[in-house]
Each structure stands twice: as structure tokens, then as C-alpha cells.
Amino acid sequence: MHRILIISLNNDPTTPLGTKHAGGQTKYILELSKNLLAQGFDIEVFTIGDGSGLHREEFVPGAFVTRFRRQAGRPYDYDITDNEIQQITSDICHQVMAQQTTFDLIICCYWISSQAAIALQKQLNCPMIASFCSLAAYKKLSNSEIDLTERFAAEIKLGKAADTIIAT
């Protein structure tokens, strides 16, 4: 059986749709997981939890979500710092290596997940697919006042590191 790791730090597939940070991408992660399961893959989703610490649960039969904790102890929000992303990336890498888990493919959803996906891609020496639900260039068109420098850099790095890109 092939194992796929979906890294979606900003969307937990179990979050009720319509609540904060639970919209189209949340539904996408849930449906992607279900469809890959139906094709015979084992699925693991890594995301940011509600602050209660590392927690793993089966969210549909055969698919698991593991939630990692922010340093601030809060759920994912736009105030997440680069330092927190680095710490979560380190926590994810340590968890995977400690469990001696292998994956056949990594799917990285959204730029916020790129650091963890790229680090694991290198550690696990496996292919990585990047999926962008939106891009900084288009966000900048709708609001020229916001600073998206960090996001632009992360999207470029992710695009270059990915073996394949899916535009949803």
C-alpha cells in the first residue's frame, strides 16, 4: 500500500465548514483524502491543532490527521510567525523520523505549508506535489496595500521544489 502525506497547516479537514479558516480548501483536503483512499492509498494529514498539543485521529476510515501545536498555543490564524512555522516544521520532521514513517508522496497545500513540505521532501527523499488554492500575485491585485513579500518568496521556493504543481 502506498502512503501519502498531505501537509495543510492552515486547514484541518475535520473543521466544520463555514467556521473560521474552514472553507474551500478544508473541503478540498477532505475530498482529496477520500478520493485517494478510494484508490487504495493510505492518507496522513498534518495540520495545526487547537493548541492542546500533538494529537492524531482517524477522520475517515483509513485517513488520519495529526495536529501540531503552535508555540503560542492557539489554533492556526493569519498571525502565525515565521518562527512558529519553523518550529512546527522541526516538530513535524522529528515526529516522522522518530516514528520511522515512510511516505511515497507528499502533497503540500498552500504556501504556509511549504517549509515543512520541502524539509520532509529532502529528509524522506520522495516526490512532492504543490497545490495552491490562491496565489500572492492575485491577492496583491485585490489589495495593493498588504505586504506579501514573505508569501511571494515561499510560493516561488515551493514552486521550484515541487515535482508537480496542481492548480485548483
Side-chain angles (χ1 to χ4, degrees), residues 3-16 19-30 32-33 42-59 63-136 139 147-163 165-166:
R3 300 192 71 225
I4 297 177
L5 171 59
I6 300 172
I7 301 177
S8 181
L9 297 183
N10 62 317
N11 285 97
D12 183 330
T14 67
T15 305
T19 59
K20 189 173 185 179
H21 300 297
Q25 189 179 0
T26 301
K27 179 76 170 165
Y28 173 75
I29 299 302
L30 179 61
L32 176 64
S33 298
D42 284 336
I43 304 300
E44 184 82 38
V45 177
F46 286 174
T47 192
I48 294 175
D50 61 5
S52 59
L54 185 67
H55 177 69
R56 183 175 187 259
E57 73 173 279
E58 191 171 33
F59 64 98
F64 294 85
V65 60
T66 301
R67 296 176 188 92
F68 292 82
R69 185 178 184 278
R70 284 179 68 182
Q71 291 169 337
R74 297 185 310 269
Y76 171 79
D77 206 343
Y78 297 125
D79 66 346
I80 193 165
T81 66
D82 187 52
N83 285 341
E84 287 180 296
I85 294 169
Q86 287 177 19
Q87 182 60 53
I88 291 166
T89 295
S90 177
D91 293 346
I92 287 171
C93 290
H94 283 109
Q95 179 75 11
V96 169
M97 300 315 283
Q99 291 182 342
Q100 298 180 342
T101 307
T102 60
F103 293 98
D104 299 294
L105 177 68
I106 298 168
I107 299 175
C108 175
C109 298
Y110 200 52
W111 73 275
I112 206 82
S113 305
S114 63
Q115 257 187 46
I118 292 168
L120 281 175
Q121 176 191 33
K122 290 176 184 172
Q123 261 188 332
L124 300 174
N125 193 30
C126 71
M128 189 250 296
I129 294 173
S131 175
F132 296 95
C133 68
S134 65
L135 293 170
K139 189 166 185 93
D147 180 16
L148 298 171
T149 306
E150 181 182 330
R151 180 173 171 176
F152 271 112
E155 288 178 353
I156 290 168
K157 189 173 180 180
L158 177 58
K160 288 180 179 180
D163 295 284
I165 296 174
I166 298 174

Partner residues of Ser33 under the side-chain contact (heavy atoms from CB on, under 4.5 Å) criterion, sequence neighbours left out: Ile6, Ile29, Ile43, Val45, Phe59
Can you tell me how far the [atom1] atom of [X] sits from the [atom2] atom of [Y], to the nearest 0.5 Å?
| X | Y | atom1 | atom2 | answer |
| --- | --- | --- | --- | --- |
| Leu105 | Arg3 | CG | CZ | 12.0 Å |
| Leu135 | Ile156 | CG | CD1 | 10.5 Å |
| Tyr28 | Ile166 | OH | CD1 | 4.5 Å |
| Leu9 | Cys108 | CG | SG | 8.0 Å |

Who pairs with [X] by side chain to side chain donor-acceptor pair (under 3.5 Å), at least two apart in sequence or on another chain?
| X | result |
| --- | --- |
| Lys139 | none |
| Gln99 | Thr101 |
| Asn10 | Gln25 |

Pairs touching residues 153-162 that satisfy side-chain hydrogen bond (donor to acceptor under 3.5 Å, both in side chains), sequence neighbours left out: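 As it turns out, the side-chain hydrogen bond (donor to acceptor under 3.5 Å, both in side chains) pairs with a partner in residues 153-162, which skip direct neighbours, are Arg151-Glu155.
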If we count only N and O atoms by modelled type, under 3.5 Å, do the side chains of Thr14 and Asp12 hold a donor and an acceptor together?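 There is such a pair (donor and acceptor under 3.5 Å, judged by atom type) between the side chains of Thr14 and Asp12.
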Please check if the side chain of Ser8 supplies one atom and the backbone of Thr47 the other of a donor-acceptor pair under 3.5 Å.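 It does not hold such a pair.
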According to salt bridge (charged side-chain N to carboxylate O under 4.0 Å, His left out), who are the partners of [X], at least two apart in sequence or on a separate chain?
| X | answer |
| --- | --- |
| Glu58 | none |
| Arg69 | none |
| Asp147 | none |

Which pairs of donor and acceptor atoms, one on a side chain in residues 86-93, lie under 3.5 Å apart (sequence neighbours left out)?
from, atom 1, to, atom 2, distance (Å)
Gln86, NE2, Asp82, OD2, 2.8
Gln87, NE2, Asp91, OD1, 2.8
Thr89, OG1, Ile85, O, 2.9
Thr89, OG1, Ala116, N, 3.3
Ser90, OG, His94, ND1, 3.2

Quick one, Asn11 and Cys109 - any side-chain contact, counting heavy atoms below 4.5 Å?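 Not touching, per the 4.5 Å side-chain cut-off.
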When you compare the side chain of Arg74 with that of Asp79, does any pair of heavy atoms fall below 4.5 Å? yes
Taking all non-hydrogen atoms of both residues, which atom of Ala130 and which atom of Ala162 are closest, and how far apart? CB-CB, 3.8 Å
Closest heavy-atom contact between Arg56 and Thr66?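 Looks like CG-OG1, 3.4 Å.
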Output all residues satisfying ring-ring contact (aromatic ring centres under 6.0 Å, His included) with Phe103, sequence neighbours left out; order by chain, then residue number.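 Scan of Phe103 (ring-ring contact (aromatic ring centres under 6.0 Å, His included), adjacent residues dropped) gives none.
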Please identify each residue that fulfils ring-ring contact (aromatic ring centres under 6.0 Å, His included) with Tyr76, with sequence neighbours left out.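 Applying ring-ring contact (aromatic ring centres under 6.0 Å, His included) to Tyr76 gives His21.
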Return all side-chain donor-acceptor pairs below 3.5 angstrom for residues 118-128, not counting sequence neighbours, or 'none' if the list is empty.
from, atom 1, to, atom 2, distance (Å)
Gln121, NE2, Ala161, O, 3.0
Gln121, NE2, Asp163, OD2, 3.3

